[in-house]
Amino acid sequence: MRVWVPLDAAAKALGADAVAEALARDFTVTRNGTRGMVWLEPLVEVERDGVRYGYGPVEPGDVPGLVEAIRSGADHPLALGPAEELPWMKGQMRLTFARVGVIDPFSVEEYEAHGGLAGLRRAIEMGPEKIVEEVTESGLRGRGGAGFPTGIKWKTVAGAKAVRKYIVCNADEGDSGSFADRMLMEGDPLTLIEGMAIAGIGVGAVQGYVYIRSEYPDSIRNMEIAIERARRAGILGDSVLGSGHAYDMEVRTGAGAYVCGEETSLLNSLEGKRGVVRAKPPIPALEGFLGRPTVVNNVISLASVPWILTHGGAEYAKLGIGRSKGTIPIQIAGNVKYGGLYEAAFGMSLREIIEDIGGGTASGRPVKAAQVGGPLGAYVPHWNFDVPFGYEELGNKDALLGHAGITVFDDTADMLKLARFAMEFCAVESCGKCTPCRIGSIRGVETIDRIAAGDDADGIPILKDLCNTMKWGSLCALGGFAPFPVMSALTHFPDDFSGRGDQRPGTKYREAAE
């Protein structure tokens, strides 16, 4: 009997290794990725008559009784029923994450049996020009936060004249509340490899790099294993799947700087230089890694490509809302009852995501706000939760979709303290290249501290002016986006910034909303 126990970092942090070791005494254990239901980890799955049944969350002490229940088919307190029938799984539209949690991440045979390599084979048949056309038709945009059309970036690199071109995968996932890249690399790394190979053939690049943050040791290990397996299977090398197209890739580890999530800073780091932002132009698509034309895409952007090439760009473009095409892996975290990863088409409202899927707050208190898009994303107040989850739709509310991470806060949250955290985060992580970010963030922290001490009459106008300068004067998104959480907190929750001596934060905002 085959038993699955996740090797995902979140599951391991909750004791999955010990559970797997205990179960291995009685069963053949396969380590898979996580299904994304973090509150149920470690989630053990058992196959009976072609159906996988789940048990969770399982602790090592539960294993003896669980072994007996698995063997006899008897009921068990941790039994969840068929994993695919759980409400969290049934409501999703899993395209990019279709195999995560389902297959052995390192098995090329299982990967292919579940639809893998179909996109790469079709890409080889189509040829470079039509590959780029297919990706352009899909409407795929950068899933790392910028939202730039992937097809346009590929077309620029494809048309550039150079003796060598590169594909660089940005896996420097540094946003708090974001974990989609990590889950994909740990649960289905071959999808990323296939997507990068397609990109290489499409733009004429023969070498690729996956730049992974050093805080992701499991992702680094899993990607290195998967790349070696892909080479053995002929997916990478001098002739990809016997096509005559050469493409290979390797993993490079980042040093932990948040700013290296910005593409030009990442390229500097990849070249062995200090991770600071480059002035643009020239853009990386024309002068990127080592001065050569380079595609720089996020993990999820590249991992979406195999599905697009398999089923067609037009089919992908049918999903979503407005200019936000396809699906998005939504990462739900913070003070929320059911946290995890949920892949769905663009267009769901924040209210559906937080209250229906996430189950509201873990504390049981009312939701006050949610920060969307990482530590530099805006705080969306609960009365704006009916906004559809899409790039322009959130932008119309002065918010950012970013990496699609959502961090939930209940009504006890002090928005001034959260605004201060955003400014302090920017000050700590600034590369120092430009004055608005380097100095502005420090002055922002000082100004917020003055407001907290009661100087709201002078402090608030100064803070607004400072945020405007940072937004329009910073060289990259780190300084440019830091004002979003600060200004959203100040705009929607002004009471948390005034009357600090006699007003407990978080009590007046409900009256304002009503």
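Residues: numbered from 1 along the sequence shown. What you see is a predicted model, and the numbers here were worked out from it, not measured in a lab.
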Check: Taking 4.0 angstrom as the limit, do Glu392 and Arg323 come out as a salt bridge?
Finding: yes

Note to self: Check this for me, if you would: do Glu85 and Lys90 make a salt bridge, where the nitrogen-to-carboxylate-oxygen distance has to be below 4.0 angstrom?
What the structure shows: yes

Any pair counted as ring pair (Phe, Tyr, Trp, His ring centres under 6.0 Å), so long as it reaches [range], sequence neighbours left out:
range	answer
residues 268-293	Tyr166-Phe289, Tyr209-Phe289
residues 256-279	Tyr258-Phe425
residues 266-287	none
residues 321-342	Trp39-Tyr338, Trp88-Tyr342

Next item on the list: Please report the closest heavy-atom contact between Cys437 and Ser441, naming both atoms and the distance.
Entry: O-OG, 2.6 Å

Notebook entry, point to check: Which heavy-atom pair separates Ser214 from Gly254 by the least distance, and what is that distance?
Noted result: CB-O, 3.1 Å

Exercise answer: donor-acceptor pairs, residues 470-484 side-chain atoms, under 3.5 Å, sequence neighbours excluded:
| residue | atom | partner | partner atom | Å |
| --- | --- | --- | --- | --- |
| Trp472 | NE1 | Asn468 | OD1 | 3.3 |
| Ser474 | OG | Met470 | O | 2.7 |

Between [atom1] of [X] and [atom2] of [Y], what distance do you get to the nearest 0.5 Å?
X	Y	atom1	atom2	value
Asp181	Leu192	CG	CG	9.0 Å
Thr294	Leu286	OG1	CG	10.0 Å
Lys280	Thr264	NZ	OG1	5.5 Å
Ser498	Ile451	OG	CD1	10.0 Å
Ile167	Leu302	CD1	CG	7.5 Å

Please check if any side-chain donor atom of [X] sits under 3.5 Å from a side-chain acceptor atom of [Y], or the reverse.
X	Y	answer
Glu271	Ser269	no
Thr96	Ser304	yes
Asn297	Asn170	no
Arg278	Asn268	yes
Asp410	Asn335	yes
Ser178	Glu173	no

Note to self: Check whether Phe493 forms a cation-pi arrangement with Lys368 (NZ or CZ under 6.0 Å from the six-membered ring centre, at most 45° off the ring normal).
What the structure shows: yes

Next item on the list: Assign the ring pair Phe409 / Tyr379 to parallel, tilted or perpendicular, where the plane angle (0 to 90°) is split at 30° and 60°.
Entry: perpendicular

Salt bridge (Lys or Arg N to Asp or Glu O under 4.0 Å): pairs with one or both residues in [range], sequence neighbours excluded:
range	result
residues 182-196	Asp8-Arg182, Arg99-Asp188, Arg182-Glu186
residues 424-443	Arg420-Glu424, Arg443-Glu446
residues 373-390	Arg351-Asp386
residues 301-310	none

Residues which pass salt bridge (Lys or Arg N to Asp or Glu O under 4.0 Å) with [X], listed by chain and number, not counting sequence neighbours:
X	result
Lys165	none
Asp398	none
Lys397	none

Margin query: For a 4.5 angstrom cut-off between non-hydrogen side-chain atoms, does Arg35 reach Leu86?
Written below: no

